[in-house]
Amino acid sequence: MIFATRSRFFVRESALESNNGVYFATASIDCTARLWNFKRRTPLINFHHSYEVERLKFDPNCRYLATLSARRIIQLWTVEDGCSMWTIPENDSTYINCITISPDGKYIAYADEKGCIKVWDLSSRQLYSKGTAHRRAIYDLAYNADSSVIVSCAGDRLIRLWDAEKSLLPASKKGTFRKVEKSLKNLQVKIVLGGLLGFVVSAARCHIQDLIYEVHPVCIALQETYLKPTDIAKIKRYSLVRKDNENVSGRASGGVALVVSHDTPSSVITLHTNLQAVAVQVMFSNLVIVCTLYLPPSTSVNDRDLDRLVDELPTPFIIIGDFNGHSPLWSSKNTNPHERQIEEFFNTHSLYLLNNGEDTYFHQRSRTFHSLDLALCTPSLAPYFNFRVGVDLCDSDHFQIFFGPCECRF
């Protein structure tokens with residue numbers, strides 16, 4: 001042991017300045033953060049707060065110290081004289097769990113119990129970026145050495161890497177954090193909320209249950225369910241309408257399903273198509289047909305099957321699905337054989353493409369983003385929904401997509 005001292009108050013956290021090791025700081029429940037000289041082993045400055053101090057962080061050059069008190073007040077103090085130089089304005093009542101400062105000293109980032117990350121520019125003292133990064137509380141944040149990546153860990157048991165330069169969009173613009181995490185492709189889910197339509201990708205039944213608990217969806221549409229006719233799938237207070245698919249070897253392959261809430265009037269639409277598709281009629285403000293569709297990437301699709309699907313769907317309808325098509329029309333950077341067929345499909349039937357150009361798919365091997373998931377609707381529905389890509393892969397390789405209602409009504 002090099003040094004030991006006794007404090008009259010419980011010390012919550014300590015921070016060691018790693019560049020030259022001159023100072024370290026402690027945070028305690030007596031509403032004080034203390035700056036210590038590492039060599040003299042004596043306290044130099046007391047930073048007095050109105051509430052208990054819970055977290056603290058030095059900037060890389062040890063010019064100032066950032067503290068978190070009352071789990072919602074972040075202050076910056078000068079190390080030289082202990083003066084308070086800035087209090088970050090935070091009007092949200094959500095508790096903040098952690099703070100960090102970028103190694104280049106340009107930004108301070110913090111995360112809260114709702115899974116949101118906010119980044120402030122220290123020179124301009126303006127909110128630089130914000131976004132929802134996890135579905136659960138974030139417990140810690142850290143930058144890499146060159147300040148290009150932020151690492152976050154949260155109560156959803158995920159550790160995620162964020163491109164701090166390209167993905168942390170300015171707070172004045174709408175957008176999401178780009179996830180640069182390794183994930184597993186398994187199960188794709190599309191959802192329809194009460195008055196909302198959306199797409200979510202999930203890898204386990206527990207994710208669907210979390211979704212139901214959080215947003216109370218009217219309808220959940222699943223793709224690539226990998227269910228066999230003998231498999232039993234049940235979700236409390238929801239009915240399941242599904243179409244299973246098996247390959248030539250008898251293994252489950254693809255498959256789609258719609259999970260419909262018992263609390264909303266609905267009815268099944270009988271389809272005679274060869275495609276992997278199911279549809280239900282759901283009562284929102286008016287009756288709307290919701291169809292989920294999966295087009296396998298390695299299987300050719302007959303144009304007549306697509307035409308027959310539209311003929312069997314009463315209007316108005318919306319088709320949300322994984323089309324596995326690349327086209328510049330929906331901001332995909334590449335093209336593939338499905339491109340021309342899908343374009344002709346919605347042009348022939350005068351369908352409206354709701355996509356807004358955001359990427360919906362993360363390719364693990366190439367570490368690139370694409371747009372494979374499309375939302376097509378009859379023109380009468382187009383004014384009532386907007387398109388937004390979420391941030392959670394849910395252990396898959398597709399992002400969430402939400403169709404929020406516009407101010408106008410049916």
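Keep in mind it's a predicted model, so treat the numbers as computed, not measured. Here, residue 1 is the first one in the sequence, and each next residue gets the next number.
- With hydrogens and angles disregarded, no donor-acceptor distance shorter than 3.5 Å links the side chain of N347 to the backbone of S350.
- Looking at F345 and L351, their side chains come closer than 4.5 Å, going by heavy atoms from C-beta outward.
- With hydrogens and angles ignored, the 3.5 Å screen pairs no side-chain donor or acceptor of K57 with any backbone N or O of L68.
- Taking a 6.0 Å sphere around CZ of R340, one finds it holds 12 or fewer heavy atoms contributed by other residues, nucleotides or ligands.
- At distances below 3.5 Å, not a single donor-acceptor pair connects side-chain atoms of W86 with backbone N or O atoms of L122.
- Every residue two or more places apart in sequence or in another chain was checked for a side chain to side chain donor-acceptor pair (under 3.5 Å) with D311, and none qualifies.
- With sequence neighbours left out, R63 forms a salt bridge (charged side-chain N to carboxylate O under 4.0 Å, His left out) with D59.
- Looking at Q223, its side chain never comes within 3.5 Å of a backbone N or O of V256 through a donor-acceptor pair.
- When all heavy atoms of P103 and A145 are compared, the pair lying nearest together is CB-O, 3.5 Å.
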Discussion item. Working note: S380 + T315, criterion side-chain contact (heavy atoms from CB on, under 4.5 Å); need CA distance, chi angles, decisive distance, verdict.
Written reply: CA-CA 9 Å; S380 62; T315 57; over 6 Å; no
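- Not one N or O on the side chain of N46 forms a donor-acceptor pair closer than 3.5 Å with the backbone of H48.
- D305 meets the salt bridge (charged side-chain N to carboxylate O under 4.0 Å, His left out) test with R308; sequence neighbours excluded.
- Contact detail for E224 and Y294: the closest heavy-atom pair is OE2-OH, 3.3 Å.
- Closest heavy-atom contact between P314 and I289: O-CG1, 3.1 Å.
- In this structure, I108 CD1 and T100 OG1 are separated by 8.5 Å, a value rounded to the nearest 0.5 Å.
- The two residues D104 and P60 have their closest heavy-atom pair at N-CG, 4.3 Å.
- Under the salt bridge (charged side-chain N to carboxylate O under 4.0 Å, His left out) criterion, D121 pairs with no residue, sequence neighbours left out.
- Side-chain contact between K114 and T132 is absent, with no heavy atoms from C-beta onward closer than 4.5 Å.
- No side-chain heavy atom of K243 sits under 4.5 Å from any side-chain heavy atom of T225.
- For the atom pair CG of D303 and CG of D307, the computed distance is 6.5 Å after rounding to the nearest 0.5 Å.
- Scanning for side chain to side chain donor-acceptor pair (under 3.5 Å) contacts around W120 gives Y110, with sequence neighbours left out.
- Interatomic distance, N97 CG to E113 CD, rounded to the nearest 0.5 Å: 6.5 Å.
- Judged by distance alone, the side chain of Q276 and the main-chain N or O of N245 form no donor-acceptor pair under 3.5 Å.
- Every residue two or more places apart in sequence or in another chain that forms a salt bridge (charged side-chain N to carboxylate O under 4.0 Å, His left out) with R237 is listed here: D263.
- Side-chain contact between V310 and T348: absent, with no pair of heavy atoms (C-beta onward) separated by less than 4.5 Å.
- Residues satisfying the ring-ring contact (aromatic ring centres under 6.0 Å, His included) criterion with F317, sequence neighbours excluded, are absent altogether.
- For OH of Y352, the number of neighbouring non-hydrogen atoms (other residues, nucleotides, ligands) closer than 6.0 Å is 12 at most.
- Proximity of a side-chain donor or acceptor of N324 to a complementary backbone N or O of S298 within less than 3.5 Å is not detected.
- With rounding to the nearest 0.5 Å, the separation of CD1 in I73 from CD in E52 is 12.0 Å.
- L374 places a side-chain heavy atom less than 4.5 Å from the side chain of L353.
- The CZ atom of R125 sits 8.0 Å away from the CG atom of L76 when rounded to the nearest 0.5 Å.
- Using cut-offs of 30° and 60° for the angle between ring planes, the Y361 and H370 rings count as tilted.
- For E246, the side-chain contact (heavy atoms from CB on, under 4.5 Å) test picks out K228, P229, with sequence neighbours left out.
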Worksheet entry | Residues L275, L306; criterion side-chain contact (heavy atoms from CB on, under 4.5 Å); working and verdict | CA-CA 8 Å; L275 300 174; L306 290 172; 3.7 Å; yes
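- Annotation: salt bridge (charged side-chain N to carboxylate O under 4.0 Å, His left out) contacts involving residues 282-298, sequence neighbours excluded, are absent.
- With sequence neighbours excluded, the residues satisfying side chain to side chain donor-acceptor pair (under 3.5 Å) with T67 are H49, W77.
- At a threshold of 4.5 Å between non-hydrogen side-chain atoms, the residues T292 and L222 do not count as touching.
- Across L372 and T360, no two heavy atoms sit closer than the pair N-OG1, 3.1 Å.
- The side chain to side chain donor-acceptor pair (under 3.5 Å) check on D244 picks up R242, with sequence neighbours excluded.
- Between I101 and F58 the shortest side-chain heavy-atom distance does not fall below 4.5 Å.
- Nearest heavy atoms, A109 versus V119: CB-CG2, 3.9 Å.
- Contact of the F47 side chain with the V53 side chain is not registered, since no non-hydrogen atoms from C-beta on lie closer than 4.5 Å.
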Worksheet item: Can I269 and E312 be said to form a side-chain contact (heavy atoms from CB on, under 4.5 Å), step by step?
Response: CA-CA 8 Å; I269 302 299; E312 292 183 342; 5.9 Å; no
Worksheet item: Can you check side-chain contact (heavy atoms from CB on, under 4.5 Å) on H134 and S152, steps first, answer last?
Response: CA-CA 9 Å; H134 291 265; S152 62; 2.7 Å; yes
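- For the residue pair S327 / E343, a side-chain donor-acceptor distance below 3.5 Å is found, with atom types taken as modelled.
- When the ring-ring contact (aromatic ring centres under 6.0 Å, His included) test is applied to Y107, the partners found at least two apart in sequence or on another chain are Y128.
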